[in-house]
> 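Below are the structure tokens for one structure; questions will follow.
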Amino acid sequence: MMLRLYNSLTRQKEEFVPLNPPEVKIYSCGPTVYHYVSIGNWRTYVLTDIVVRTLKLLGYKPKFFMNITDVGHLTGDNLGDSSIGEDRMLKATKREGKNAWDIAKFYTDDFLQGYDELNMTRPKEFCVATNYIDEQIELVKKIEEKGLTYKIEGDGIYFDVKAYEATGKKYGELSDLDQVLEGARVEKVEGRRDPRDFALWKFNKEGKLREMEWDSPWGRGFPGWHIECSAMCLTNLGDQLDIHIGGEDLKSTHHPNEIAQSEAATGKEPFVKYWIHGAFLLVDGGRMGKSLGNAYNLHDLKERGYSPLDLKMFYLTGHYRKQLNFTWDALSAAKSSNMKLRNKLRGLVDVKPSNKQDLSAAAKEYEKKFMNALEDDLNVPQALAVLWTVVKDSEINKEEKRYLIDLIDSVFGLRLLDKELLTVEVPQGVIDIAEERKEYRKAGEYDKSDELRKKIEDLGFEVHDKPDGSYEILQLSK
Ligand code: AMP
Ligand code: ZN
């Protein structure tokens with residue numbers, strides 16, 4: 001089989017044929033570092049990691065970049081309008097009483113820590129928007145030379161969508177019609193020729209000194225959000241990319257704008273061959289949002305006793321093109337899956353993997369099933385089901401099992417056989433059950449206490465009773 005991916009541009013699953021194999025050029029839209037990254041954002045980055053790891057497993061050489069937005073992302077951007085709203089970074093400076101550079105540093109460091117805790121493949125570079133100001137200015141100049149920009153006095157330099165269309169180009173191919181209309185409904189900006197036009201460079205409004213602003217041929221100011229990604233893609237990956245990834249919200253304006261800017265500047269199309277969009281994470285069945293208080297981050301999870309890899313395990317239960325509903329119960333189920341898996345795999349830690357050519361027919365079949373699932377538009381839930389059958393299988397030998405677990409974890413990155421993760425602290429939930437069990441034993445209700453022993457075992461632990469009535473909880477060693 002061959003890798004097939006759903007391409008948002010053509011709205012169908014397509015065979016993946018890179019522009020210049022074995023290299024695969026990938027760009028993923030990264031975080032705006034004005035706040036902790038939410039579990040919604042992380043879902044999209046984990047998708048990116050799965051794409052990169054799958055490509056590696058298939059023998060490709062991914063050349064992968066992700067940006068860090070530390071300037072210019074206005075609150076209006078995600079509503080489909082890049083000319084209105086407040087600058088997210090400045091909003092954070094007011095909230096926290098720090099300067100914009102300190103805010104960016106703090107949340108960038110936090111993002112990088114979370115990124116590693118989720119055990120994701122680092123890109124060749126996390127490109128930071130403020131390190132690419134010259135490149136962004138150069139790109140705006142190129143677009144200007146093509147006659148596709150205009151100036152709104154005191155506001156900014158805008159991309160002229162109608163003029164772009166007049167050159168025979170299409171705008172907004174990624175977005176659905178209703179999304180375009182919705183985008184067009186937002187606030188009217190004085191002087192804008194078309195509601196779809198967007199800011200490439202924003203002027204500093206008179207009298208308001210910004211901490212982040214630069215000189216440009218058009219006046220002092222700062223770049224628009226969309227131009228950042230185009231500039232960093234073109235600089236690092238050249239005029240054409242194989243894969244571009246982001247959350248599904250970016251289909252309506254951010255990505256169409258990236259396409260328009262890039263293709264206008266380079267004259268080459270397509271700017272990106274395959275567009276991959278991850279469906280949103282919901283929380284308790286509804287929208288996740290900072291204002292709703294449910295945009296949880298990794299710290300919130302850790303405070304409740306969950307690890308980033310528990311979150312990753314939860315993500316793996318859903319297909320990337322379907323919305324996934326986060327609940328604390330679902331996370332708890334993912335945590336016990338993680339514990340059960342690790343316990344069942346303990347015996348393999350020091351086993352040497354079998355050679356590929358020595359695999360039995362049964363082991364080969366597992367490998368095939370796993371690869372087929374991934375190759376079918378990254379069917380991770382199905383690939384995860386293969387992991388469980390491998391773990392429970394008693395026919396294949398240890399060496400083969402080790403081979404398969406290594407293979408599977410090279411994509412999931414759950415650190416399944418990591419020794420460090422095998423000695424875990426006993427979670428409070430297990431201690432509570434053990435305490436309850438102790439009471440039943442005291443009362444001579446052994447049926448009930450046995451039930452609870454079973455429950456504890458399901459969570460990957462066992463209780464050893466001592467003659468004095470106390471007990472010890474150990475991790476199951478099987
Ligand atoms: P932002 O910082 O809002 O620009 O988002 C960063 C990345 O996370 C983008 O690729 C978004 O599409 C994605 N994203 C934002 N919210 C969610 C969500 N609830 N679920 C999945 N991805 C999201
Ligand atoms: Zn982007």
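Just so you know, ligand 1 is whichever comes first in the structure, and atom 1 is the first atom listed for that ligand. We count residues from 1, following the sequence as given.
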> Restricting to non-hydrogen atoms, name the atom on L55 and the atom on P62 that form the minimum distance, rounded to 0.1 Å.
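For L55 and P62, the tightest heavy-atom pair comes out as CB-CG, 4.1 Å.
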> Before signing off on this row, confirm whether N41 and ligand 1 have an N or O atom pair separated by under 3.5 Å.
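Yes, since at least one N or O of N41 sits under 3.5 Å from an N or O of ligand 1.
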> Which of the numbered atoms in ligand 1 are under 4.0 angstrom from any heavy atom belonging to L281?
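Every atom of ligand 1 under 4.0 Å from some heavy atom of L281: 18 (C), 19 (N), 20 (N), 21 (C).
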> Identify, by atom number and element, the atoms of ligand 1 in contact range of T32, meaning under 4.0 Å from any of its heavy atoms.
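Near T32, meaning under 4.0 Å from one of its heavy atoms, ligand 1 has 2 (O).
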> Parallel, tilted or perpendicular: which fits the ring planes of H277 and W275, with parallel below 30° and perpendicular above 60°?
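Rings of H277 and W275: parallel, under 30°.
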> Would you call the rings of F271 and H244 parallel, tilted or perpendicular, where under 30° means parallel and over 60° means perpendicular?
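If you compare the ring of F271 with that of H244, the planes turn out perpendicular.
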> Regarding ligand 1, does R43 bring an N or O atom to under 3.5 Å of one of the ligand's N or O atoms?
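Such a contact does not occur with ligand 1.
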> Specify which N/O/S atom of H254 comes nearest to the Zn ion (ligand 2), by atom name.
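Looking at H254, the N, O or S atom with the least distance to the Zn ion (ligand 2) is NE2.
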> How are the rings of Y60 and F16 set to each other: parallel, tilted or perpendicular (split at 30° and 60°)?
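Geometry flag for F16 against Y60: perpendicular rings.
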> Under the side chain to side chain contact (heavy atoms under 4.5 Å, CB included) rule, collect the residues that match up with S410, sequence neighbours excluded.
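In terms of side chain to side chain contact (heavy atoms under 4.5 Å, CB included), with neighbours along the sequence ignored, S410 is linked to L57.
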> Roughly how far apart are I143 CD1 and Y158 OH, rounded to 0.5 Å?
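Going from CD1 on I143 over to OH on Y158, the span is 14.5 Å.
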> Can you tell which of F64, Y115, Y132, Y27 makes a ring pair (Phe, Tyr, Trp, His ring centres under 6.0 Å) with F126?
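Exactly one option meets the ring pair (Phe, Tyr, Trp, His ring centres under 6.0 Å) with F126, and it is Y115.
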> Quick one: which ligand 1 atoms are inside 4.0 Å of a heavy atom on Y45?
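In order of numbering, the contacting atoms are 6 (C), 7 (C).
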> Show the atoms of ligand 1 that are less than 4.0 angstrom away from any heavy atom in L250.
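Per the distance check, 9 (C), 10 (O), 12 (O).
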> Among W225, F280, W42, which residue places a heavy atom closest to atom 23 (C) of ligand 1?
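Ranked by closest heavy atom to atom 23 (C) of ligand 1, first place is F280.
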> Tell me, please, if C229 has any N/O/S atom, main chain or side chain, under 2.8 Å from the Zn ion (ligand 2)?
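C229 does place an N, O or S atom closer than 2.8 Å to the Zn ion (ligand 2).
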> By number and element, which atoms of ligand 1 are closer than 4.0 Å to a non-hydrogen atom of M288?
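The atoms of ligand 1 under 4.0 Å from a heavy atom of M288 are 19 (N).
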> Do you know which N/O/S atom name in E258 is closest to the Zn ion (ligand 2)?
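Looking only at N, O and S atoms of E258, the one nearest the Zn ion (ligand 2) is named OE2.
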> Which residues pass the side chain to side chain contact (heavy atoms under 4.5 Å, CB included) test with N297, not counting sequence neighbours?
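Side chain to side chain contact (heavy atoms under 4.5 Å, CB included) check on N297 returns Y36, H299, D300.
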> Of the choices S28, P31, G40, S38, which has the non-hydrogen atom that lies closest to atom 21 (C) of ligand 1?
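Of the listed residues, G40 has the closest heavy atom.
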> So if I count the atoms of ligand 1 from 1 in the order they appear, which ones are less than 4.0 Å from some heavy atom of G246?
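By the 4.0 Å cutoff, the relevant atoms are 10 (O).
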> Please report the closest heavy-atom contact between D310 and N338, naming both atoms and the distance.
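Heavy atoms of D310 and N338 come nearest at OD1-ND2, 2.9 Å.
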> Quick check: does H226 have an N/O/S atom under 2.8 Å of the Zn ion (ligand 2)?
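Short answer: no, not a single N, O or S atom is under the cut-off.
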